[in-house]
Amino acid sequence: MINSKRDKLKYKSIKGTKDILPDESYIWIEVENRIRNIMHTYNYKEIRTPIFEETKLFARGIGEFTDIVGKEMYTFVDRGGDSLTLKPELTASVIRAYIQHNLGEKQPLTKVYYISPAFRQERPQAGRLRQFHQFGAEAIGSKYPIVDAEIISLSSKIYESFGIKNYKIKINSVGCEVCRNEYKTILKKFLFEISDKLSPESQKRINVNPMRILDSKDEDDIKATKDAPLILNYLCDDCKNHFNQLEELLNFLDIKFEVDGRIVRGLDYYTKTAFEIISTELGSQDALAGGGRYDLLIKELGGKDTPAVGFAAGMERLLMVLQKQNQNKFQAPKPKVFIAYTDQSFEKITFNLAHKLRSNGISCEFDFLKRSLKSQMREANRQNSDYVIVIGEEEINSNWLQVKNMRTGEIQKVGIENLENYFLGLDE
Ligand code: HAM
């Protein structure tokens, strides 16, 4: 039924995109405000980058052989013949801006955050959209594990502040250029030996991206790689040290985490720390957030050799969990006052009164559809306003209004000239 109605629509939103309607947008605003506050508590400042960038920024930054670059980017050639891409994630854009504006020269440790749409042409399903929203943070300029610990503490603090339960922090190290290459040779050898047991997708990956096979969700892959060598056992001293220090710091802050040697992430830029925050309530798309260290990316994109670490999280997934755990107890905005009138001749006076209240910052609504008083009262109810005033002959002649508190039923007589002061003086 719903589908056939949808099919008849002349225009509809693109598959995998979602309208955020007025009965939901206030939740987004509240959640975003809370995230901003926490980011500011940790002294991260907001950065906003354009919605599209040169395609090669992402190809280079995220990696040619990743799923994102290989098959998920919204890439188009503009009228000037340039290949552009809607940003599939934020880190590459943030680093481009960091290099372009010499942010590192102004501040040796640059701490930025973002809340932004991102675009990936994935198969839409619960928790997976083609236009989705990420919030995240990047700390650029320090190689020390204490910044990794701060990023993990910041990301988990956000979930904690919303009262979210049943999430897990999983950490791993993906090593550096040296130890990872050695490990990859060992892993490839193992994978070739069991290749006939792997899914066709993973068989194709053995040469180009063998580590991704370890976090495959395919049952056959999981079974076949049960005894695969894990990178944690092959880290060089520097990477091992970094990882041990991170564990120590997280323990010191009493942040609960699990070490999971199969966290490899879907983007190529990671070095050393990689982590994910998983919710047990999200079904197959269970990653609330992911991040890690990317010490080589800034140089790779043309900047100075600068270490960095960050994370990004899906807004829609956070909202899904909030919904499931009944934690979205946000107040929908509503007018404080609804002014009804008994006769059309009072419409202008009502408009003027509303104008005065609004000019004083008091939210106010009245009827625009020339409805009967009964319908106006119904509307006042629907709007759930705190107070209702009815303007009639008597009120206009006497200059006194009756202000009804809809919660208590109490009625106050207020002089018409004094109306805004009455509301401004309310102690609520
Ligand atoms: P990512 O793991 O690709 O990492 O994405 C981060 C989060 O974005 C995921 O954990 C998920 O919650 C959300 N997400 C990703 N794709 C979708 C989708 N199609 N629909 C809905 N939500 C989605 C990054 O993007 C890295 N830039 C993170 C990072 C920042 N690493 C270092 N700094």
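Counting starts at 1 for both ligands and their atoms, in listed order. Just so it is clear, the model here is predicted, and its values are computed rather than measured.
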### Task
Under the ring-ring contact (aromatic ring centres under 6.0 Å, His included) rule, collect the residues that match up with Tyr167, sequence neighbours excluded.
Tyr159
### Message
Could you check, using the six-membered ring where one of them is a Trp, whether Phe119 and Phe52 have ring centers closer than 6.0 angstrom?
### Response
no
#### Entry: Near-ring test His242/Tyr144, centroid separation under 6.0 angstrom
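Centroid distance Tyr144-His242: not below 6.0 Å, so no.
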#### Entry: ring-ring contact (aromatic ring centres under 6.0 Å, His included) between Phe192 and Phe190, worked out
CA-CA 6 Å; Phe192 275 121; Phe190 171 87; over 10 Å; no
### Query
Does the distance from a Lys or Arg side-chain N to an Asp or Glu carboxylate O, for Lys188 and Glu193, drop under 4.0 Å?
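Here Lys188 does not pair with Glu193 in a salt bridge, since their nearest N and O are not under 4.0 Å apart.
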### Query
Between Lys370 and Glu347, is there a salt bridge with N-O shorter than 4.0 Å?
yes
Ligand 1: protein N/O within less than 3.5 Å of ligand N/O:
residue: ligand 1; atom: 2 (O); partner: Arg265; partner atom: NH1; Å: 3.0
residue: ligand 1; atom: 2 (O); partner: Arg265; partner atom: NH2; Å: 2.9
residue: ligand 1; atom: 3 (O); partner: Arg120; partner atom: NH1; Å: 3.0
residue: ligand 1; atom: 3 (O); partner: Arg120; partner atom: NH2; Å: 2.9
residue: ligand 1; atom: 4 (O); partner: Arg265; partner atom: NH2; Å: 2.9
residue: ligand 1; atom: 5 (O); partner: Gln134; partner atom: NE2; Å: 3.2
residue: ligand 1; atom: 8 (O); partner: Gln134; partner atom: NE2; Å: 3.2
residue: ligand 1; atom: 10 (O); partner: Ala287; partner atom: O; Å: 3.4
residue: ligand 1; atom: 12 (O); partner: Ala287; partner atom: O; Å: 2.9
residue: ligand 1; atom: 12 (O); partner: Leu288; partner atom: O; Å: 3.0
residue: ligand 1; atom: 12 (O); partner: Gly314; partner atom: N; Å: 3.1
residue: ligand 1; atom: 16 (N); partner: Arg120; partner atom: NH1; Å: 3.4
residue: ligand 1; atom: 19 (N); partner: Glu122; partner atom: OE2; Å: 2.7
residue: ligand 1; atom: 19 (N); partner: Leu129; partner atom: O; Å: 2.8
residue: ligand 1; atom: 20 (N); partner: Leu129; partner atom: N; Å: 2.9
residue: ligand 1; atom: 25 (O); partner: Arg120; partner atom: NH2; Å: 3.1
residue: ligand 1; atom: 25 (O); partner: Gln134; partner atom: NE2; Å: 3.0
residue: ligand 1; atom: 27 (N); partner: Glu89; partner atom: OE1; Å: 2.5
residue: ligand 1; atom: 27 (N); partner: Thr91; partner atom: OG1; Å: 2.9
residue: ligand 1; atom: 27 (N); partner: Tyr269; partner atom: OH; Å: 2.8
residue: ligand 1; atom: 31 (N); partner: Tyr270; partner atom: OH; Å: 2.6
residue: ligand 1; atom: 33 (N); partner: Thr91; partner atom: OG1; Å: 3.3
residue: ligand 1; atom: 33 (N); partner: Glu138; partner atom: OE1; Å: 2.8
residue: ligand 1; atom: 33 (N); partner: Glu138; partner atom: OE2; Å: 3.0
residue: ligand 1; atom: 33 (N); partner: Phe311; partner atom: N; Å: 3.4

